[in-house]
2 protein chains.
Amino acid sequence: MTDEYRSARRAEIAEAAQAAFRRKGFQATSMAEIMAESGLSAGAIYNQYKGKADIVHDVANRISRQRLDELDELKAQNPLPAPSAVVRALITAMASDLTAPAQLLQVWGEAATDPDLAEMCGKVYLTMRQAHIEYISLWHQREHGLSPEEADAVGVAQAPLFLSAVHGYVVQSTIVPDFDGAAYLDAMEALLPR
Amino acid sequence: MTDEYRSARRAEIAEAAQAAFRRKGFQATSMAEIMAESGLSAGAIYNQYKGKADIVHDVANRISRQRLDELDELKAQNPLPAPSAVVRALITAMASDLTAPAQLLQVWGEAATDPDLAEMCGKVYLTMRQAHIEYISLWHQREHGLSPEEADAVGVAQAPLFLSAVHGYVVQSTIVPDFDGAAYLDAMEALLPR
DNA sequence: AGTATAAAAACGAATGATCATTCTTGACAA
DNA sequence: TTGTCAAGAATGATCATTCGTTTTTATACT
């Protein structure tokens, strides 16, 4: 069997598991449910994954990776809009998959007790933050004529707060019954500095 | 047995369960671990709670309630600082219990798949938001001379973003290895409008 | 006060269900 | 024919919950 086949099958399993996890959570989802969702047998699944924990990690990885992929697309695309517009684009991309925010929140919640997951989430965050630091710095240099050092300092200070806009969106869209995403994005762009 | 005794024992159990949940998560914590942590037997625990789900809900409630209690203390106390200073106080109060942010994140993650928990979290959020709307509105009326209607509109728009500062703190302090809470708070006050 | 009695509460071993994982068996591709 | 993969029943462990028993507590009575 070819490598290509292997990874295709892993994707098949991971997608089924992701759907099941989304419904019941990581811990409360049984292997039997993943088997039912994927239509595969225990043997087929254990041929691809070491165990349930292995699947959980792979799915969490996928969910996080998707956010980084969106970041890459943004980087390749834009001229130089305000940082808040970048955050808007990031959130819009994420929210285009309606289940993505809740899934991210599930992963973060799990990371609170799983060191491996915490490390993965931390790495993803650091990549995100670094990209924002560089972007904010660049934007302040061009737009306000700051020196690279001054601009970097601004980026380091502000990047975590721009990312908080993402975190707030994730939490509120999952938890708040009457959450209005569009109004949230408008308020963010009005509030964050330019 | 008096009602007082009953609630004292429930508190005893809930505190033990909370400690265990913090370590292993809600689902992965077994009744045996709650028994060990509390030093009580199965019978004693099942006399107070209907089952594990009952304990989970009670503990999640406690974790959320503590945040509302802090809000009440703030309301009783302050003259009229800027809204961002209120958010700082809220976060500082929360972070004074070092495990509180991670616990909140666990609850929110669980709420993504548990409708009862989601409803509870939603209610807590809505009272938080309402308090902030009123506060921001009041502050804008006094500080910038806005009419009540104008000021209310500002409050409705901005409150979710002020709360995002809390959500961002919760997520980042749990997930980010080198998170600097003090710098985060300073940046927030510098960034949010006055 | 001291003791008997009844009720409540706690104990902890037993139970039955669920679950992750393994392993034997059969099918299929090379 | 041989080696790989999938199937699915079997296994053994874990877990929430129950329940018969013991202990404690409150109360009534002498």
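In what follows, chains carry the letters A, B, and so on, assigned in the order in which the sequence lines appear, proteins first and then strands, with residues in each chain numbered from 1.
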**Request:** Could you tell me whether R65(A) and D72(A) make a salt bridge, using a distance below 4.0 angstrom between a side-chain N and a carboxylate O?
**Result:** no
**Message:** Measuring to OP1 and OP2 of dT4(D), would you say a side-chain N or O of Y5(A) lies under 4.0 angstrom away?
**Reply:** no
Give every pair of a protein N or O atom and an N or O atom of nucleotides 12-16 of chain D that lie under 3.5 Å apart, one pair per line with the distance.
unit_1, atom_1, unit_2, atom_2, d
dA16(D), OP1, T29(B), O, 3.4
dA16(D), OP1, M31(B), N, 3.3
dA16(D), OP1, K52(B), NZ, 3.3
dA16(D), OP2, M31(B), N, 2.6

**Request:** Classify the nucleic acid contact of I45(B) as base, sugar-phosphate or nothing, counting any heavy atom under 4.0 Å across all strands shown.
**Result:** nothing
**Item:** D69(A) bridged to R62(A) by N-O distance under 4.0 Å
**Value:** no
**Item:** Any donor-acceptor N/O pair, Q141(A) side chain to A151(A) backbone, under 3.5 Å
**Value:** no
**Fill in**
Members sharing L98(A)'s hydrophobic cluster, built from side-chain contacts under 4.5 Å between Ile, Leu, Val, Met, Phe, Trp and Tyr, are none
**DNA chain C-proximal residues of residues 9-23 of chain A, any heavy atom under 4.0 Å** = none
**Asked** Can you name the residues that form a salt bridge (Lys or Arg N to Asp or Glu O under 4.0 Å) with E12(B), not counting sequence neighbours?
**Response** R9(B)
**Prompt:** Base, sugar-phosphate alone, or nothing: which one does A42(A) contact when heavy atoms must sit under 4.0 Å apart?
**Reply:** base
**Message:** Using the side chain to side chain donor-acceptor pair (under 3.5 Å) definition, which of the options Q66(B), R22(B), Q18(B) pairs with Q103(B)?
**Reply:** Q18(B)
**Message:** Using the rule that Ile, Leu, Val, Met, Phe, Trp and Tyr join whenever any side-chain heavy atoms are under 4.5 Å apart, tell me whether V171(A) and L117(A) fall into a single cluster.
**Reply:** no
**Request:** Give the nucleotide from the list dG8(D), dC11(C), dC5(D) with an atom nearest to the side chain of A44(B).
**Result:** dC11(C)
**Item:** Whole-Å distance separating the CG atom of D3(A) from the P atom of dT4(D)
**Value:** 14 Å
**Prompt:** Taking only side-chain nitrogens and oxygens of S41(B), does any of them come within less than 4.0 Å of OP1 or OP2 of dC11(C)?
**Reply:** yes
**Message:** According to salt bridge (Lys or Arg N to Asp or Glu O under 4.0 Å), does anything in residues 28-53 of chain A pair up with another residue at least two apart or in another chain? List the pairs.
**Reply:** R23(A)-E37(A), K24(A)-E33(A)
**Prompt:** Under 4.0 Å between a side-chain N/O of N47(B) and OP1 or OP2 of dA10(C), yes or no?
**Reply:** yes
**R6(A) CZ - dC5(D) P separation (whole Å)** = 8 Å
**Prompt:** Restricting to pairs with a member in residues 140-163 of chain B, which pass salt bridge (Lys or Arg N to Asp or Glu O under 4.0 Å), not counting sequence neighbours?
**Reply:** none
